[in-house]
2 protein chains.
Amino acid sequence: MEWSIQDIARSAGTTSRTLRHYGEIGLLAPSRVGSNGYRYYDQDALVRLQRILLLRELGLGLPAIAEVLAGQRDTAAALRTHLDLLEQERQRITRQIASVRTTLEKTEGGQQLMAEEVFDGFDHTQFKDEVVERWGKDAYDKGDQWWGSLSDEDKRAHQQRQLDIAADFGRAHQAGLAPDSDVVQAITQRLHEWIGAAATVTKPYFVGLGEMYVADPRFTQNYDRHGAGTAELVRDAMKIYAERNL
Amino acid sequence: MEWSIQDIARSAGTTSRTLRHYGEIGLLAPSRVGSNGYRYYDQDALVRLQRILLLRELGLGLPAIAEVLAGQRDTAAALRTHLDLLEQERQRITRQIASVRTTLEKTEGGQQLMAEEVFDGFDHTQFKDEVVERWGKDAYDKGDQWWGSLSDEDKRAHQQRQLDIAADFGRAHQAGLAPDSDVVQAITQRLHEWIGAAATVTKPYFVGLGEMYVADPRFTQNYDRHGAGTAELVRDAMKIYAERNL
DNA sequence: GTAGAAGTTGACGCAACGTCAATGTCAAAC
DNA sequence: GTTTGACATTGACGTTGCGTCAACTTCTAC
């Protein structure tokens with residue numbers, strides 16, 4: 001018993017294009033090819049095709065399916081691996097859904113959808129979790145309120161000040177200045193004032209923030225774009241500043 | 001204030017390649033291009049980039065983002081549409097996970113992973129409960145025995161007949177034929193004969209089976225993969241057929 | 001002056017086919 | 001014997017969002 005390409009395509013619920021594709025990639029060859037170039041598939045090919053489609057519906061990739069069918073890989077093992085992937089994927093989407101919901105609430109609350117930058121040139125809402133965890137919800141809310149109270153102009157200016165400070169740290173680092181040098185400590189004071197606009201700065205807060213500048217790449221790059229190692233200079237300078245002044 | 005491509009890439013947490021891509025597709029043009037071909041981006045471009053990346057992290061496609069940023073589309077509306085998509089996607093993956101789990105259990109139970117299809121293109125042991133409940137244990141045992149008595153060849157042939165019948169129903173539905181049309185009734189007769197091979201077909205049995213085709217998604221999809229609404233056509237056709245012939 | 005970092009423009013690759021385009025075959029109808 | 005229409009073939013591009021060379025030019029710092 002032998003069928004034409006359309007026949008098996010229809011009976012297996014797929015398309016002739018798909019069969020040709022499987023032929024091309026060596027996943028399912030026709031059992032016979034006529035002198036006219038027509039492909040014909042027999043019983044065995046049909047069975048194989050059905051197994052392929054079954055696995056594909058489970059979401060396996062064609063290369064993975066090929067391995068399983070070639071017996072190079074245990075079906076159960078492949079499925080378990082795949083299951084992990086699927087669960088990760090679901091996790092990701094679940095998180096995305098949560099994010100979209102949050103964003104929707106924001107925009108519907110009349111907020112402009114803009115990357116609001118505070119603290120260090122980033123949308124501070126992005127750091128909500130970290131901030132709340134380290135310094136409590138009050139600290140976050142206070143900073144958030146303060147930020148919201150600024151005009152767009154003020155926001156921009158504030159953000160620009162941070163950029164300038166970062167650039168100055170970069171130049172100091174480039175010049176090889178020490179964290180306890182007067183120049184660096186002067187820049188650090190400006191940083192202190194800048195942060196003080198948004199939050200009450202305590203000693204552990206300031207020191208912790210400095211450590212975060214090094215530990216969290218989102219902050220690190222903010223300084224290190226002015227030269228690798230700048231963030232570390234800033235952290236050390238902040239620690240010294242805190243010891244001396246806070 | 002102006003930055004090079006690497007500068008904004010780093011500060012926004014993306015790559016220069018991405019920025020060039022956005023330039024190519026017209027999503028974000030550099031604010032200035034030097035005579036040497038270098039791209040430079042200003043404050044406004046940075047803000048725009050940040051909004052783009054924000055939306056992208058929520059999973060929106062670049063064209064959708066372009067519409068939103070162009071003001072052609074309301075952000076909230078776009079997000080709501082997107083939310084629906086995400087939820088569908090999560091549904092799909094959840095179903096896939098369930099399927100993979102089922103398949104895993106089967107293969108670990110030592111069963112051969114093959115599409116054993118009977119009754120309606122499915123592994124009939126999967127429907128044991130329903131069959132026993134509706135038509136009694138005898139009916140199930142009889143069908144099961146009959147099925148077991150077939151050679152693999154015969155099983156295949158029987159299964160193939162069902163697939164052909166389903167495909168024909170699909171084409172009839174696509175053609176807009178009525179359930180009481182001669183063509184559809186002829187297909188239904190073939191279905192009757194096909195079922196008759198396994199079980200004694202009575203009027204309520206036939207009608208009930210038709211209803212199950214619509215009520216149980218495992219059956220429904222078997223027909224509806226040939227076009228949404230096919231299962232309903234089959235049910236109606238079976239009812240009419242039963243009234244006239246059983 | 002020269003090295004090395006950073007910039008540029010192509011162009012391919014990925015996953016799994018969908019979708020033309022241009023053309024050849026086959027069975028049935030005229 | 002020919003025409004027609006359905007079905008077949010082999011390319012080859014399009015899809016999504018960049019990653020990743022490759023080959024070359026430009027800037028920056030010593």
Side-chain angles (χ1 to χ4, degrees), chain A residues 2-30 32-41 49 52-53 55-67 82 85-86 89 92 96 170-171 173-176 221 224-229, chain B residues 2-30 32-41 49 52-67 82 85-86 89 92 96 167 171 174-175:
Chain A
E2 217 180 39
W3 299 276
S4 77
I5 195 167
Q6 292 281 26
D7 287 344
I8 26 147
R10 270 199 295 259
S11 79
T14 183
T15 70
S16 59
R17 178 67 182 85
T18 297
L19 288 163
R20 277 193 222 102
H21 183 57
Y22 291 170
E24 275 177 37
I25 65 175
L27 184 56
L28 176 66
R32 186 173 72 83
V33 178
S35 58
N36 50 17
Y38 281 28
R39 295 147 207 261
Y40 297 96
Y41 297 80
L49 175 59
I52 291 171
L53 295 178
L55 291 171
R56 198 195 52 174
E57 273 171 26
L58 297 179
L60 267 85
L62 300 189
I65 294 177
E67 283 179 20
H82 183 56
L85 283 175
L86 284 177
E89 190 63 11
R92 236 205 46 209
Q96 272 198 354
R171 274 186 284 276
H173 176 245
Q174 212 93 77
Q221 65 172 13
D224 277 8
R225 69 173 166 185
H226 298 292
Chain B
E2 215 179 42
W3 301 275
S4 78
I5 194 168
Q6 292 281 28
D7 287 344
I8 25 147
R10 269 199 295 262
S11 79
T14 183
T15 69
S16 60
R17 177 66 181 88
T18 297
L19 288 164
R20 276 195 278 275
H21 183 58
Y22 292 169
E24 275 177 37
I25 64 175
L27 183 55
L28 176 67
R32 185 174 72 83
V33 177
S35 58
N36 50 17
Y38 281 27
R39 295 147 207 263
Y40 298 94
Y41 298 79
L49 174 59
I52 291 171
L53 295 177
L54 194 155
L55 291 171
R56 198 197 52 176
E57 270 169 30
L58 298 180
L60 266 86
L62 300 187
I65 293 177
E67 284 179 19
H82 184 56
L85 283 176
L86 282 178
E89 190 63 9
R92 236 205 46 206
Q96 272 197 353
R171 276 187 284 275
Q174 210 97 70

Rounding to a whole Å, what distance do you find between B/L19:CG and C/dT9:P?
-> 12 Å

Would you name the heavy atoms of A/L19 and A/L28 that are closest together and state the gap between them?
-> CD2-CD2, 4.0 Å

How does protein reach along nucleotides 15-23 of chain C, written 5' to 3' as B (base within reach of a heavy atom under 4.0 Å), S (only sugar-phosphate), or - (no contact)?
-> -BBBB----

Whole-Å distance separating the CD1 atom of B/I52 from the P atom of D/dG17 | 12 Å

To the nearest angstrom, how far is B/L53 atom CG from D/dC18 atom C1'?
-> 13 Å

All side-chain hydrogen bond (donor to acceptor under 3.5 Å, both in side chains) counterparts of B/R39, not counting sequence neighbours = none

Which residues satisfy the side-chain hydrogen bond (donor to acceptor under 3.5 Å, both in side chains) test with A/R20, sequence neighbours excluded?
-> none

What's the NE2-C1' distance between B/H82 and D/dT16, to the nearest Å?
-> 14 Å

Applying side-chain contact (heavy atoms from CB on, under 4.5 Å) to B/A167 and not counting sequence neighbours gives B/R171, B/H226

Contacts of B/R17 that satisfy side-chain hydrogen bond (donor to acceptor under 3.5 Å, both in side chains) - sequence neighbours left out | none

Once base and sugar-phosphate atoms are separated, protein heavy atoms under 4.0 Å mark nucleotides 24-30 of chain D, 5' to 3', with B, S and - as --BS---

Closest heavy-atom pair, A/E2 versus A/R32, reported as atoms and distance to 0.1 Å, is OE2-NE, 2.8 Å

Please give, in whole Å, the distance from D/dG11 P to A/E24 CD?
-> 9 Å

Atom CD1 of A/I8 and atom P of D/dC7: how far apart are they, to the nearest Å?
-> 15 Å

Roughly, in whole Å, what's the span from CZ in B/R32 to P in C/dT8?
-> 12 Å

Base, sugar-phosphate alone, or nothing: which one does A/I5 contact when heavy atoms must sit under 4.0 Å apart?
-> sugar-phosphate

Between C1' of D/dC7 and CG of A/D7, the distance in whole Å | 11 Å

Could you tell me whether B/S4 contacts a base, only the sugar-phosphate backbone, or nothing, with contacts defined as non-hydrogen atoms closer than 4.0 Å?
-> sugar-phosphate

Who passes side-chain hydrogen bond (donor to acceptor under 3.5 Å, both in side chains) against A/S16, sequence neighbours left out?
-> none

Taking every heavy atom of B/I65 against every heavy atom of B/I52, the minimum-distance pair comes out as CD1-O, 3.7 Å

Identify, with sequence neighbours excluded, every residue that meets side-chain contact (heavy atoms from CB on, under 4.5 Å) alongside A/T18.
-> A/T14, A/T15, A/Y22, A/R56

